[in-house]
Structures are given as structure tokens and as C-alpha cells.
Amino acid sequence: MAIALAGGNTGKADEMIAAIQKGYDKATAAWGKELPDISKRTLEGIK
């Protein structure tokens with residue numbers, strides 16, 4: 001999905017995935033525990 005969102009540019013897709021992962025990690029820390037399953041599935045769908 002990330003490659004499609006980046007217009008086929010794999011370098012940009014990698015940057016986007018890294019940014020999304022960073023946000024996910026920050027959200028997990030703010031939540032104080034693992035995020036709900038829907039969040040994990042969404043993250044995996046983007047990769």
C-alpha cells in the first residue's frame with residue numbers, strides 16, 4: 001500500500017513507512033500499553 005501511496009517511488013514509500021512506524025511507536029507509548037488489534041492490522045496493511 002505504501003508504494004501505491006508514494007506513486008511507485010520505493011524510496012518515498014520507505015520514508016513513509018518509517019514515519020508511520022515512528023507515529024505508531026509514539027502512540028503506543030502514549031497509550032501506555034499495546035494498541036488495539038485494529039491499529040496493528042492497519043500498520044501491517046501499510047507495510
Side-chain angles (χ1 to χ4, degrees):
M1 181 175 164
I3 293 171
L5 290 173
N9 183 330
T10 56
K12 288 289 182 188
D14 290 341
E15 287 179 38
M16 185 181 346
I17 291 169
I20 292 167
Q21 183 66 58
K22 184 177 179 181
Y24 182 88
D25 293 343
K26 285 185 175 192
T28 301
W31 186 258
K33 57 184 176 180
E34 290 209 23
L35 294 175
D37 190 52
I38 186 71
S39 299
K40 294 179 208 172
R41 290 193 319 250
T42 300
L43 178 64
E44 291 304 314
I46 291 170
K47 292 181 176 183

Checklist entry - In the single-linkage hydrophobic clustering (I, L, V, M, F, W, Y; side-chain heavy atoms under 4.5 Å), do I17 and L5 co-cluster? => result no
Next on the checklist: Are I3 and I20 linked, directly or through intermediate hydrophobic residues, by side-chain heavy-atom contacts shorter than 4.5 Å (ILVMFWY only)?
Outcome noted: no
Checklist entry - Hey, is NZ on K40 packed in by over 12 heavy atoms from elsewhere, all under 6.0 Å? => result yes
Checklist entry - What's the shortest heavy-atom distance between A13 and A6, and which atoms? => result N-CB, 3.7 Å
Checklist entry - Could you give the distance from CD (E15) to CG (N9), rounded to the nearest 0.5 Å? => result 8.0 Å
